[in-house]
Amino acid sequence: MTSAPQPRNVLVTGGNRGIGEAIARALAEAGDRVIVTSRSGKAPDGLEAVACDVTDTASVDQAFDAVQERLGGPVEVLVANAGITQDTLLMRMSDEDFDRVLDTNLTGAFRCARRASKGMLRLKRGRMIFVSSVVGLLGSAGQANYAASKSGLVGLARSITRELGGRNITANVVAPGFIDTDMTRALPEAQREAYLKQIPAGRFAEPEEVARVVRFLASPDAAYISGAVVPVDGGLGMGH
Ligand code: NDP
């Protein structure tokens, strides 16, 4: 008989709502000790939170210190999920529109991964899961900044895999398609309808459908998966 897996210390960035909250709940249900971050530091019911702005290195470092103190050890599972959009056509996209999205979605994930790697090396094990998007590889008109940030996560995870793969640390990317959250509810109805027509599954997904894939990638069953890009998109990005 195998013994039950030990609870791990988990940090989910942007875990106060949407996909991040669903991931945090799925991992907590599996028995892990989970802390979520958001800029406000407010926790959803039943979860613990620390304040963290992923665009600020000092804030990231402070959040990791706070999590380590509260949970009595380093973060073993990092889910880099915090993300924003700022859509507009290329010709109208300002430097600021581009930089803000890259700074949150890509550099923010890098800041968290760099900090997490220190504790994981000490622990001699760790899991990093980066929440990308189908558009990172498919591209999307009006989302040059967002798509660039999300494809950058693939290079980040694969480089981490090459650097730290021999140290019992995995780094994977999940690429969701169209998930029903605040981010997609903000889109005009016509755009939602247009997306729906392109999805072979014929529907949008619930955040829990992404959360279950992340939970698998964080589980002992996924120990030999690293540098992978796992689509959760109802077939939208097939072939990319
Ligand atoms: P939401 O807009 O519902 O949530 C975004 C989360 O990111 C919030 O918790 C927000 O926290 C956090 N966040 C944003 N900026 C920062 C920051 N500077 N520092 C810390 N946290 C920040 O989005 P979703 O749940 O829909 O998306 C979650 C992830 O999944 C994102 O990376 C998104 O790109 C990706 N994704 C979403 C898809 C979808 O269809 N919904 C599809 C593919 C990928 P707060 O604002 O409270 O600080």
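In listed order, ligands and their atoms are each counted from 1.
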Peer 1: With heavy atoms of Lys150 as the reference, note each atom of ligand 1 found under 4.0 Å away.
Peer 2: 31 (C), 32 (O), 33 (C), 34 (O)
Peer 1: Polar-atom distance check: Asp53 versus ligand 1, any N or O pair below 3.5 Å?
Peer 2: yes
Peer 1: For ligand 1, note which part of Ile179 has a heavy atom under 4.0 Å away: side chain, backbone, both or neither.
Peer 2: both
Peer 1: Give me the ring orientation class for Phe178 and Tyr195: parallel if the planes are under 30° apart, tilted from 30 to 60°, perpendicular past 60°.
Peer 2: tilted
Peer 1: Donor-acceptor pair, Asp180 side chain versus Ala205 backbone, under 3.5 Å?
Peer 2: no
Peer 1: Which of these, Leu236, Asn16, Val12, has its nearest heavy atom closest to atom 8 (C) of ligand 1?
Peer 2: Asn16
Peer 1: Among all protein non-hydrogen atoms, which one is nearest to atom 12 (C) of ligand 1, and what is the separation to 0.1 Å?
Peer 2: Gly14 CA, 3.7 Å
Peer 1: Relative to ligand 1, is Pro207 under 4.0 angstrom through side chain, backbone, both or neither, heavy atoms considered?
Peer 2: neither
Peer 1: For ligand 1, note which part of Thr184 has a heavy atom under 4.0 Å away: side chain, backbone, both or neither.
Peer 2: side chain
Peer 1: Is Arg39 close to ligand 1, meaning an N/O of one under 3.5 Å from an N/O of the other?
Peer 2: yes
Peer 1: As a check for students: among Ser38, Gly177, Ala49, identify the option with a heavy atom nearest to atom 38 (C) of ligand 1.
Peer 2: Gly177
Peer 1: For ligand 1, which atoms sit closer than 4.0 Å to a heavy atom of Gly18?
Peer 2: 25 (O)
Peer 1: For ligand 1, which part of Glu21 has a heavy atom less than 4.0 Å away: the side chain, the backbone, both, or neither?
Peer 2: neither
Peer 1: Indicate, as side chain, backbone, both or neither, the part of Ile84 found under 4.0 angstrom from ligand 1 when only non-hydrogen atoms are considered.
Peer 2: side chain
Peer 1: Among Gly83, Cys112, Ser132, which one puts a heavy atom closest to atom 44 (C) of ligand 1?
Peer 2: Ser132
Peer 1: Which atoms from ligand 1 have a heavy atom of Cys52 less than 4.0 Å away?
Peer 2: 19 (N), 20 (C)
Peer 1: Considering non-hydrogen atoms of the protein only, which is the closest contact for atom 24 (P) of ligand 1, and what is the distance?
Peer 2: Thr181 OG1, 3.6 Å
Peer 1: Report the member of Phe204, Tyr146, Phe178 with the shortest heavy-atom distance to atom 36 (N) of ligand 1.
Peer 2: Tyr146
Peer 1: Is there at least one pair of N or O atoms, one from Pro176 and one from ligand 1, spaced under 3.5 Å apart?
Peer 2: no
Peer 1: Should one rank Val131, Asn81, Thr37, Asp56 by closest heavy-atom distance to atom 31 (C) of ligand 1, which comes out on top?
Peer 2: Asn81
Peer 1: Starting from atom 10 (C) of ligand 1, what is the nearest protein heavy atom, named by residue and atom, and what distance separates them?
Peer 2: Arg17 NH2, 3.6 Å
